[in-house]
2 protein chains.
Amino acid sequence: MERTDDLGALVFRLGRRLLAMEQPILARHDLSMWAYAVLTALSDSPMRTQAALAASIGADKTRLIPVLDELQRRGLIDREPDPADRRVRLLGVTAEGRRVHGSIQAEIRAGEDEILAAVPAEDREAFLRTVAALAPR
Amino acid sequence: MERTDDLGALVFRLGRRLLAMEQPILARHDLSMWAYAVLTALSDSPMRTQAALAASIGADKTRLIPVLDELQRRGLIDREPDPADRRVRLLGVTAEGRRVHGSIQAEIRAGEDEILAAVPAEDREAFLRTVAALAPR
DNA sequence: TATTGTTATACTCTATAACTATA
DNA sequence: TATAGTTATAGAGTATAACAATA
């Protein structure tokens, strides 16, 4: 298949399109993209350190701190010192956090489905399979 | 197909992976990603205004100026006032600019092929077709 | 008065390094 | 002395608004 545009440029533009779709949804729930990423990661499984969480979502540990402060303040995550080693913070999502995450994710999935509706079902399957295979982590 | 990760997150991560692959290539040629994007756009077709160029690559017109200054200084682009309307700058790529762009693009394509080699040929075709269809512009 | 390009400025995002508290 | 987390700071990237030149 002869390619006219670089794959990087295409992926970059698609990423921007998806972000533009997500932005109003996140804004409505008053959450940043990173806050949503944290909720996604912690909904998947709790973590024992902030550094591990940062690594798992590809963020710097220092720029996660205000995000965690805010999520904790709003009661969306649990964050408490490990009694066994009080340097580390045990992290998890609260029931309310899981609820908020679920409702945002449902809206985002609907937006994605709308975008994906433009391509034939077979291509869509192969596309999703391939993106998942090529994306790190 | 049930999706575990959000499509946005997958595309974001793949974009970062592609950028990481491209970065050393661009650095070797001492060009920024935006400079390369400008060369790509102008290689495709010359443009009559900087604003049109900025819009075509999804950049702000003000942040393109230092990029154009540098590309012009290095003789990779032509940039001259239109005699018919001296407010506008006619933009085009020079022979040297086309040569540089071609050699960078070849390296980037090779890197992309290496990444794409991990997926079966049928999926690859559908994937490329779909990314191109979903990416704006 | 409107438009193109430019400059100056401010703002956001991000990373680096220094600091604290625990071990 | 090493590690987890935090704070302070600086740097890059980006956008906003004011400005100059031309129409």
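Order of the sequence lines fixes the chain letters, A, B, ..., with proteins taken first and strands second; residue numbering starts at 1 for each chain.
Side-chain atoms of B/D6 do not come within 3.5 Å of backbone N or O of B/G8 as any donor-acceptor pair. A side-chain donor-acceptor contact under 3.5 Å links B/R124 to the backbone of B/L116. Without hydrogens or angle criteria, A/R13 side chain to B/P136 main chain gives a donor-acceptor distance under 3.5 Å. The main-chain N or O of A/R89 is never found under 3.5 Å from a side-chain atom of A/R79 such that the two would form a donor-acceptor pair. Here the side chain of A/R48 pairs no donor or acceptor atom with the backbone of A/V88 at under 3.5 angstrom.
In this structure, CD1 of A/I57 is placed 14 Å from C1' of C/dT14, rounded to the nearest angstrom. Atom pair A/I77:CD1 and D/dG5:C1' shows a separation of 14 Å (rounding to whole Å applied). Atom CG in A/L68 sits about 7 Å away from atom P in D/dT6, given to the nearest Å. Look at CG on B/L64: it is 11 Å from P on D/dT14, rounded to the nearest Å. Between the CZ atom of B/R16 and the C1' atom of C/dC13 there is a distance of 13 Å, rounded to whole Å. The distance between atom CZ of A/R63 and atom C1' of D/dT9, rounded to the nearest whole Å, is 17 Å. Taking atom CZ of A/R89 as the reference point, atom C1' of C/dT22 lies 9 Å away to the nearest angstrom. To the nearest angstrom, P of D/dA4 lies 18 Å from CD of A/E80.
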Nucleic acid footprint by protein, nucleotides 16-23 of chain D - heavy-atom cut-off 4.0 Å, B for base, S for sugar-phosphate alone: BB----BS
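If you check D/dA4, C/dT6, D/dT6 against the side chain of B/I65, the one that comes closest is C/dT6.
Between B/H101 and B/Y36, the ring planes lie parallel to each other; the angle is under 30°, not in the 30° to 60° tilted range. By the 30° and 60° cut-offs, the orientation of the rings of B/F127 relative to A/F127 is parallel.
Comparing A/D69 and A/V88 by the nucleotide of DNA chain D whose heavy atom lies nearest to each, the residue mapping closer to the 5' end is A/V88.
Contact between the side-chain N/O atoms of A/W34 and the OP1/OP2 oxygens of C/dC13 is not found at any separation under 4.0 Å.
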